[in-house]
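Just so you know, these numbers use all the heavy atoms, side chains as well, and skip hydrogens, waters and symmetry mates.
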Amino acid sequence: MKKAIALLTVLFCITAVLSGCGGAKRVEGTSFGTAVESGGVAAPANNQAGGIYKTPGNELTDFSNAFQSAVSVFEEATNGLEDFDALTTQLSVVSAYMPVYTVAMYDLLDSADKAHEEGTLMLSGYEAVRDKAGTEITFSGNAVLEEDSPTGAKAGDKLEESGSLNTETNTFTYLSTATRGESVVSRSAIQICMSGDTWVFQYIASNNPAQDERGNNLNVAVFERFNQTEQETIVATHTLPTDFTPAAISADSAPDQMAEGFTGTGRITVQSNEAAYQSL
């Protein structure tokens, strides 16, 4: 399982390079982060001793690292799952995590801790903006593909992403869209809530068409809740259009609750370092 996850990570990074740096150009006027005045030093975030935010200006990195660290607690247990459907479920989950892992690139736009930073993202080549106002950080990036991508994206597709992190409430949002002509061909949304040692994660992706050439359903959702000792994950499919509005979640949300209205395909639970898989 570790090799499979590592391979997926490498493939994701390669794909990001192929669909970004090598074949994308900036989209003028399409950033949709919240702008603040440029220049100067940003107001401090919640960098309390013992908290997850260690370095002003690196808040997205700190949040990403804390999320990865919390998830890694369950790797040893889930690596023992040998069922093929369990492997497929885990790969769906890891794929859903990827934007959280790569969001740290926005912290590299400037080595200082400024209220407004902009530049070109590593790997993806997106023209990007990072804004910080007190405890609220917003980011956005965009590009237009100049050549077809191995992922199925086409030359001329407009790629956009945006999101936010509140370092006081420890809530994270992310939205990614691909537009071809006048139509949105893919859209994905992530929400994360952290309270104490509890994390709640929601990922929803909608595509048009909804199936690939092999007939695999591309409309996938991941609902997850975990703390230091227990984890529950549900992977599901759905028929939501690309203009869907994700339901709000909170630190009290449970996977079953978040998955209402979706068609579950698999559930993974970890308790006392023992993982179990259930086909839904």
Side-chain angles (χ1 to χ4, degrees), residues 31-73 96-124 126-142 160-176 188-204 222-228 231 246-253 258:
S31 297
F32 41 106
T34 301
V36 296
E37 289 188 23
S38 61
V41 178
N46 180 18
N47 296 305
Q48 298 175 355
I52 64 174
Y53 306 105
K54 309 300 181 184
T55 306
N58 283 356
E59 290 86 1
L60 293 170
T61 303
D62 290 339
F63 185 86
S64 176
N65 288 341
F67 180 81
Q68 294 181 61
S69 178
V71 168
S72 68
V73 170
Y97 288 165
M98 285 303 168
V100 187
Y101 292 170
T102 59
V103 73
M105 294 296 132
Y106 282 91
D107 286 343
L108 301 179
L109 291 175
D110 197 297
S111 59
D113 179 29
K114 295 181 179 178
H116 180 79
E117 302 170 4
E118 58 183 80
T120 302
L121 293 184
M122 295 176 59
L123 294 182
S124 70
Y126 283 21
E127 291 302 316
V129 173
R130 180 190 190 275
D131 292 315
K132 179 177 177 181
T135 60
E136 186 76 15
I137 297 167
T138 58
F139 57 90
S140 63
N142 57 72
E160 298 174 295
E161 67 178 9
S162 66
S164 65
L165 170 67
N166 188 302
T167 58
E168 181 176 14
T169 61
N170 294 320
T171 53
F172 174 87
T173 65
Y174 173 86
L175 178 66
S176 174
S188 61
I190 293 174
Q191 294 182 69
I192 302 176
C193 295
M194 174 200 173
S195 179
D197 68 348
T198 297
W199 295 78
V200 175
F201 175 87
Q202 175 179 271
Y203 167 88
I204 303 173
V222 176
F223 308 103
E224 190 169 58
R225 180 184 176 89
F226 56 91
N227 53 34
Q228 294 180 344
Q231 181 184 48
I249 65 172
S250 72
D252 296 324
S253 298
M258 293 186 288

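Val200 approaches Ser250 most closely through the heavy-atom pair CG2-O, 3.6 Å. Residues Asp107 and Arg130 come closest through the heavy atom pair OD1-NE, 2.8 Å. Here the shortest heavy-atom pairing between Phe139 and Thr173 reads CZ-O, 4.0 Å. Counting all heavy atoms, side chain and backbone alike, Cys193 lies closest to Ala251 at CB-N, 3.9 Å. Considering all non-hydrogen atoms of both residues, Leu121 and Ser124 come closest at CB-OG, 3.5 Å. Taking all atoms of both residues into account, the shortest heavy-atom contact from Pro246 to Gln191 is CB-NE2, 3.7 Å.
Atom-to-atom distance recorded for Gln202:CD and Glu224:CD is 12.0 Å, nearest 0.5 angstrom. A distance of 4.5 Å separates OG1 of Thr171 from CG of Asn166, quoted to the nearest 0.5 Å. Expressed to the nearest 0.5 Å, how far CG of Asn58 lies from CZ of Phe63 amounts to 15.0 Å. A distance of 9.0 Å separates CD1 of Ile190 from OG of Ser176, quoted to the nearest 0.5 Å. Atom-to-atom distance recorded for Glu161:CD and Ser188:OG is 9.0 Å, nearest 0.5 angstrom.
Put simply, the side chain of Asp131 never gets that close to the backbone of Thr138: no donor and acceptor are under 3.5 Å apart. Formation of a donor-acceptor pair under 3.5 Å by the Asp62 side chain with backbone atoms of Thr55 is found in this model. A distance-only check finds a donor-acceptor pair linking the side chain of Thr102 to the backbone of Met98 [under 3.5 Å].
Looking at Glu160 and Leu175, their side chains never come closer than 4.5 Å, going by heavy atoms from C-beta outward. Looking at heavy atoms from C-beta onward, Thr198 lies in side-chain contact with Arg225 at the 4.5 angstrom threshold. Side chains of Leu165 and Tyr174 form no contact here, defined as non-hydrogen atoms less than 4.5 Å apart. Considering only heavy atoms from C-beta on, Glu117 stays 4.5 Å or farther from Val129 through its side chain. Using a 4.5 Å cut-off on side-chain heavy atoms (C-beta onward), Met122 and Leu108 make contact. Side chains of Leu109 and Glu118 form no contact here, defined as non-hydrogen atoms less than 4.5 Å apart.
Relative ring orientation between Tyr97 and Phe201 is described as perpendicular, the plane-to-plane angle rising above 60° on a 0-90° scale split at 30° and 60°.
The closest side-chain donor-acceptor pair between Tyr53 and Asn170 falls under 3.5 angstrom.
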Please table the atom pairs, donor to acceptor, closer than 3.5 Å between any side-chain atom in residues 64-72 and protein atoms at least two apart or in another chain.
residue, atom, partner, partner atom, Å
Ser64, OG, Gln68, NE2, 3.0
Ser64, OG, Val100, O, 2.8
Asn65, ND2, Thr61, O, 3.4
Ser72, OG, Ser69, O, 2.7

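Residue pairs meeting the salt bridge (Lys or Arg N to Asp or Glu O under 4.0 Å) criterion with at least one partner in residues 96-105, sequence neighbours excluded, are absent.
Phe223 pairs by the ring pair (Phe, Tyr, Trp, His ring centres under 6.0 Å) definition with Phe262, not counting sequence neighbours.
Partner of Lys132 under the side-chain contact (heavy atoms from CB on, under 4.5 Å) criterion, out of Lys114, His116, Glu59: Glu59 alone. Here the rule is side-chain contact (heavy atoms from CB on, under 4.5 Å) with Phe172, and of Ile192, Ile137, Thr167 only Ile192 fits it.
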